[in-house]
*Asks:* 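Handing you this structure, nothing more for now.
Naming convention: chains lettered A, B, ... in sequence-line order (proteins, then strands); numbering from 1 in each chain.
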Number of protein chains: 2
Amino acid sequence: MLKYQQIAKEIENYIYSNSLPQGTKLPTVENFAFDYKVSKSTIVKALESLVLKGIIYQVQGSGIFVRRRNRTGYIDFNILAGFTSSLKEFKITSKVLDFDIIKADNKIAQLLECNLNDEIYKIKRIRYINNEIMCYEESYYKKSVVPYLTKEIAKESIFEYLNSALNLNMGFSDRYFNIIKLDKHIANLLELNPNDPAMSVLEQIYLSSGIMFNFSKIIYHYKHTQFYSQSTSIK
Amino acid sequence: MLKYQQIAKEIENYIYSNSLPQGTKLPTVENFAFDYKVSKSTIVKALESLVLKGIIYQVQGSGIFVRRRNRTGYIDFNILAGFTSSLKEFKITSKVLDFDIIKADNKIAQLLECNLNDEIYKIKRIRYINNEIMCYEESYYKKSVVPYLTKEIAKESIFEYLNSALNLNMGFSDRYFNIIKLDKHIANLLELNPNDPAMSVLEQIYLSSGIMFNFSKIIYHYKHTQFYSQSTSIK
DNA sequence: CAGTGGTCTAGACCACGTC
DNA sequence: ACGTGGTCTAGACCACTGT
């Protein structure tokens, strides 16, 4: 692990394990550099990553301060992919409705940025949070990137598997979302009524190499989900 | 303007004015440093900010590539505040329903992180996109931070005013959102029917000094809005 | 193994805030 | 005026990609 990552982790742990409240002033950059026996720039880099994660904020000429207290139960839209990390304290389970290998048609080829007839995993799932229905998900994975996938794996967290077993490095993602009225089919799956509200999300996820390997269409249950997103001004 | 900001701007302009497609390889870091006659670190900093804005991605050992093509018509949830910037090409207007100075009650004091009875601007607006109803917004501003505000200003973009006239520096923001069924009152204001779907968003916006100065509750019209959010893995 | 991005250093200097 | 964060440099070295 790199120096600045290790330092960032230690500072984060320090904040959380001492439950430092919002606005608490942290040591100066110079102090940190002295304590960790590294150059100022390394500390600056470590702090930068904590700013981006929303954990601290820096005020030029004034100091470094603790930002947010933890919020729990919100699906984090800043996170690249998967709820398993933002909903750690909840039991996330899945029912696999459909598990197939198909050939990309025109629409899928376009959404997945691949060629016609490329082999694609197509998976439909209902996902549960603490045994309540959270969402319906229809996802597509490039077989060329994810060579092996099973229904058993899909019952658990697919991203957990991609990360740890296949060692795939996620790079970035896009989400497009809007509010809809449920049609009869999806309403049924979510155990809601037609015309009930829902959020529909299209997610596209890229490896750090810039190749898209997955897109999903997700319909969230309006009663059992809430969302969170934060921004930081980029200088 | 700082060197790295100027360089970032020029590279961004270069990409857009030449409409470089996704995946286009850009010059190497070394090349950029030579061209702009600055040190490598300055280029690295400039490129970092473009990565965070979702304009390029970098692959270690390989190169620097163009990321996204522009999408238009989506409300950007990565942006700190206001739609005026993400919906540049659209006509955004407002009808002010209510404009008041009130004293913070318990609930507002908590949401705005201020003291009981602090003076607060309370503004209710309907906002339009190309003359179609976009949302209902109820927002609260600390008078101690925003000393002067009028109904006239509220008819236009308040954030535009805060930025340019008052020179306030935005630092970061939090958004909490969920899907709801409209009640009769809000349905009326949005010219929709009770029980129609909507997204309800709570926004809290902080100055770069870490002081929250505004929070808003926004109810979006489900037919006239769509949203966009991107993530980048933080190393 | 060459090419390219990423980390790290030590130090100079700049810009903002607070007292 | 002083303290503190931010920028910038030149250069050494590390780590990943692709030929």
*Asks:* Please tabulate, for the side chains in residues 111-121 of chain A, all donor-acceptor contacts under 3.5 angstrom to protein atoms that are two or more places apart in sequence or on a different chain.
*Replies:*
unit_1 : atom_1 : unit_2 : atom_2 : d
A/E113 : OE2    : A/Y206 : OH     : 3.2
A/E113 : OE2    : B/R69  : NH2    : 3.4
A/D118 : OD2    : A/N115 : N      : 3.1
A/Y121 : OH     : A/P147 : O      : 3.3
A/Y121 : OH     : A/L149 : N      : 3.3

*Asks:* Would you kindly compare B/K25 and B/S208 by the position of their nearest DNA chain C nucleotide and give the one closer to the 5′ end?
*Replies:*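 Nearest nucleotide further toward 5': that of B/K25.
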*Asks:* Going by the rule side-chain hydrogen bond (donor to acceptor under 3.5 Å, both in side chains), which residues pair with B/Q5 if we only count those two or more places apart in sequence or in a different chain?
*Replies:*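 B/Q5 satisfies side-chain hydrogen bond (donor to acceptor under 3.5 Å, both in side chains) with no other residue.
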*Asks:* Is the shortest side-chain N/O distance from A/S62 to OP1 or OP2 of C/dG17 below 4.0 Å?
*Replies:* no
*Asks:* Between A/K40 and B/L2, which residue's closest nucleotide on DNA chain C lies nearer the 5′ terminus?
*Replies:*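 Its nearest nucleotide lies further toward 5', so the answer is A/K40.
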*Asks:* Does B/Q60 make a side-chain N or O approach to OP1 or OP2 of D/dT17 shorter than 4.0 Å?
*Replies:*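 Answer is no, no contact under 4.0 Å.
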*Asks:* Hey, does A/L47 reach any base, or is it just sugar-phosphate, or nothing, if we go heavy atoms under 4.0 Å?
*Replies:* nothing
*Asks:* Do the side chains of A/K217 and A/E138 get close enough for a salt bridge, i.e. N-O under 4.0 angstrom?
*Replies:* no
*Asks:* In whole angstrom, give the distance that lies between atom CG of B/L26 and atom C1' of C/dG5.
*Replies:* 13 Å
*Asks:* At less than 4.0 Å, is any side-chain N or O atom of B/K235 found next to OP1 or OP2 of C/dG6? Yes or no.
*Replies:* yes
*Asks:* Counting only side-chain nitrogens and oxygens, does B/K3 get under 4.0 Å of the OP1 or OP2 atom of D/dT9?
*Replies:*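 For D/dT9, OP1/OP2 do have a side-chain N/O of B/K3 under 4.0 Å.
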*Asks:* Hey, does the side chain of A/Q58 come within less than 4.0 Å of D/dT4's phosphate (OP1/OP2), counting only N and O?
*Replies:*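 False: A/Q58 side-chain N/O out of range (4.0 Å or more) of D/dT4 OP1/OP2.
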*Asks:* What nucleotide among D/dT9, D/dG6, C/dG5 has an atom nearest to a side-chain atom of B/T28?
*Replies:*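 Looking only at heavy atoms from C-beta outward on B/T28, the closest nucleotide is C/dG5.
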*Asks:* Tell me if the aromatic rings of B/F227 and B/Y74 count as close, with their centers under 6.0 Å from one another.
*Replies:*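 No, ring centres 6.0 Å or more apart.
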*Asks:* Between the side-chain atoms of A/K45 and the base atoms of C/dG6, is any donor-acceptor pair under 3.5 Å?
*Replies:*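 Such a pair does not exist between side chain and base.
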